[in-house]
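First up is the structure itself, then whatever we jot down about it.
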Amino acid sequence: MERRVAERLRGALGPLGLEPHAFKVGWYNAVLQPAFHLPYPDDTLAFVILSTPSMFDKALKPFVKKERSKIIRDPVDQCISYHLSRVKEKFPDQRVDVMFDYEILPSRKPKFLAQTAAHVAGAAYYYQRRDVKRDPWGKKKIYGVCIHPKYGGWFAIRGLLLFPDIQVLFLEQPAPVDCVSTEEKRIELLEQFNFHWQDGRYRDIIEVKERYSEEQRVYFATPPAERFRLLGLTQEAQ
């Protein structure tokens, strides 16, 4: 069942520059405190959805061109929401729950921890402070970051698709690729991400096979309120 669902998702999302990666809810819940658990049985099938560098041209720009009169919030969020909602239509006999990376609970906690989901699904390695043996940061707060073996930091985690009616008892958990394997490189990665994230150098901590286009870099480097004009959207659309 998992293979059939995965193939259908890849067929629907791949042409849009989106990647689905399967995991069991139990893998995710096992590494988190109960307050962050997903409220499903451990064997529930789920997929974390990544956007790759090609999403900008394959999904976002066509979406904006088609739906320009309906875009009132964030074009990327609305684009992802539109396409993941359409994916649900491909499973008419299944319940499909969708969670987006920007959603929060009434408690102000995120609905899910995106980087943890990517790590347990084997999609990208979540490098954290505990991955460094000789910690140089003292009492400073250090946030972790996911690195993809193909895209480095040039990708994003956009959402989850959960299939509550599908239980996958024998799904094998893939290990994420440890592509930043040396102590020095891990320290460099966390330093760049925490203290110099604006320049984006952390994204190239490994040799990547694909990165954001110049147009896409300019878009994401622009304050959100000013991004509309870069996509040719009028003031009325905002």
Side-chain angles (χ1 to χ4, degrees), residues 17-23 27-28 30-33 36 47-57 60 74 76-77 80 100-102 104 109-110 112-160 173-224 226-227 230:
L18 300 173
E19 282 185 1
H21 294 266
F23 68 97
W27 303 347
Y28 174 91
V31 297
L32 292 171
Q33 297 175 352
F36 292 102
F47 290 82
V48 61
I49 309 300
L50 310 186
S51 64
T52 72
S54 66
M55 182 277 294
F56 193 81
D57 287 320
L60 180 63
D74 181 284
V76 173
D77 287 349
I80 298 298
F100 298 102
D101 66 300
Y102 52 82
I104 58 173
K109 289 186 176 73
F112 74 99
L113 300 184
Q115 299 198 105
T116 299
H119 186 94
V120 300
Y125 200 108
Y126 184 21
Y127 291 97
Q128 302 178 71
R129 188 173 193 159
R130 65 183 180 218
D131 294 307
V132 172
K133 294 184 178 67
R134 299 187 303 277
D135 187 321
W137 298 295
K139 295 183 179 179
K140 291 180 182 177
K141 178 72 173 177
I142 299 295
Y143 294 96
V145 60
C146 272
I147 295 296
H148 191 285
K150 180 178 179 181
Y151 308 118
W154 300 101
F155 77 103
I157 304 158
R158 299 297 182 183
L160 297 185
Q173 184 172 10
V177 178
D178 182 5
C179 48
V180 187
S181 55
T182 69
E183 179 90 348
E184 291 73 22
K185 275 293 184 182
R186 290 179 181 184
I187 291 173
E188 181 184 348
L189 169 65
L190 294 175
E191 287 270 349
Q192 289 180 359
F193 179 70
N194 280 272
F195 308 121
H196 309 285
W197 62 268
Q198 295 96 330
D199 62 27
R201 283 182 296 154
Y202 79 91
R203 299 179 187 270
D204 287 311
I205 194 68
I206 62 169
E207 187 174 338
V208 300
K209 294 182 173 62
E210 191 179 346
R211 56 171 58 87
Y212 290 175
S213 64
E214 183 60 29
E215 179 185 17
Q216 190 171 178
R217 291 189 215 186
V218 169
Y219 178 83
F220 285 116
T222 300
E226 300 173 24
R227 292 175 182 172
L230 298 179

Can you name the closest pair of heavy atoms from I187 and P136 and give their distance? CG2-CG, 4.2 Å
Closer than 3.5 angstrom, by distance alone: can the side chain of Q173 be matched with the main-chain N or O of V120 as a donor-acceptor pair? yes
Once the angle between the rings of Y125 and Y127 is folded into 0 to 90°, is it parallel (under 30°), tilted (30 to 60°) or perpendicular (over 60°)? parallel
Within this structure, what is the OG1-NZ distance for the pair T52 and K150, rounded to the nearest 0.5 Å? 7.5 Å
If you draw a 6.0 Å radius around CD in E207, do more than 12 non-hydrogen atoms from other residues or ligands fall strictly inside? no
State, yes or no, whether a side-chain contact exists between F155 and I147 at a heavy-atom distance under 4.5 Å. no
Please report the shortest heavy-atom distance between A121 and A22, naming the atom on each side. CB-O, 3.7 Å
Rounded to the nearest 0.5 Å, what separates atom NZ in K140 from atom CZ in R129? 9.5 Å
Rounded at 0.5 Å granularity, tell me how far OH in Y151 sits from NZ in K209. 10.0 Å
Taking D131 for its side chain and Q128 for its backbone only, find out whether a donor-acceptor pair lies under 3.5 Å. yes
Taking the six-membered ring of Y212, is the NZ or CZ of R217 close enough (under 6.0 Å from the centre) and on axis enough (within 45°)? no
Can R203 and R211 be said to form a side chain to side chain contact (heavy atoms under 4.5 Å, CB included), step by step? CA-CA 9 Å; R203 299 179 187 270; R211 56 171 58 87; over 6 Å; no
Where G144 and L190 come nearest, the two heavy atoms and their spacing: CA-CD2, 4.2 Å
CG of L113 to CG of L32: how many Å apart, nearest 0.5 Å? 5.5 Å
Locate the shortest heavy-atom distance separating C146 from A124; write the atom from each residue and the value. CB-CB, 4.1 Å
E19 and H21 have their tightest heavy-atom pair at OE1-NE2, 2.9 Å
Quick one: does any side-chain atom of H119 pair with a main-chain N or O of Y126 as donor and acceptor, under 3.5 Å? yes
Distance in Å, I157 CD1 paired with T116 OG1, rounded so as to fall on 0.5 Å steps: 9.0 Å
Within the distance-only criterion (no hydrogens, no angle test), does the side chain of R227 pair as donor or acceptor with the backbone N or O of F220 below 3.5 angstrom? yes
Under 3.5 Å side-chain donor-acceptor pair for Y143 and Q115: no
Between E188 (side chain only) and I205 (backbone N and O only), is there a donor and an acceptor less than 3.5 Å apart? no
When you look at CH2 of W137, are more than 12 heavy atoms from neighbouring residues, nucleotides or ligands closer to it than 6.0 Å? yes
Run the numbers on R134 and E184 for salt bridge (charged side-chain N to carboxylate O under 4.0 Å, His left out), then give the verdict. CA-CA 10 Å; R134 299 187 303 277; E184 291 73 22; 3.4 Å; yes
Of all the heavy-atom pairs spanning L160 and A117, show the shortest one and how long it is. CD2-CB, 4.0 Å
If we only count heavy atoms from C-beta on, is the R158 to V76 side-chain gap below 4.5 Å? yes
Are the charged groups of R186 and E183 less than 4.0 angstrom apart, N to O? no
Measuring from atom CG of L50 to atom CE of M55, what distance do you get when rounded to the nearest 0.5 angstrom? 11.0 Å
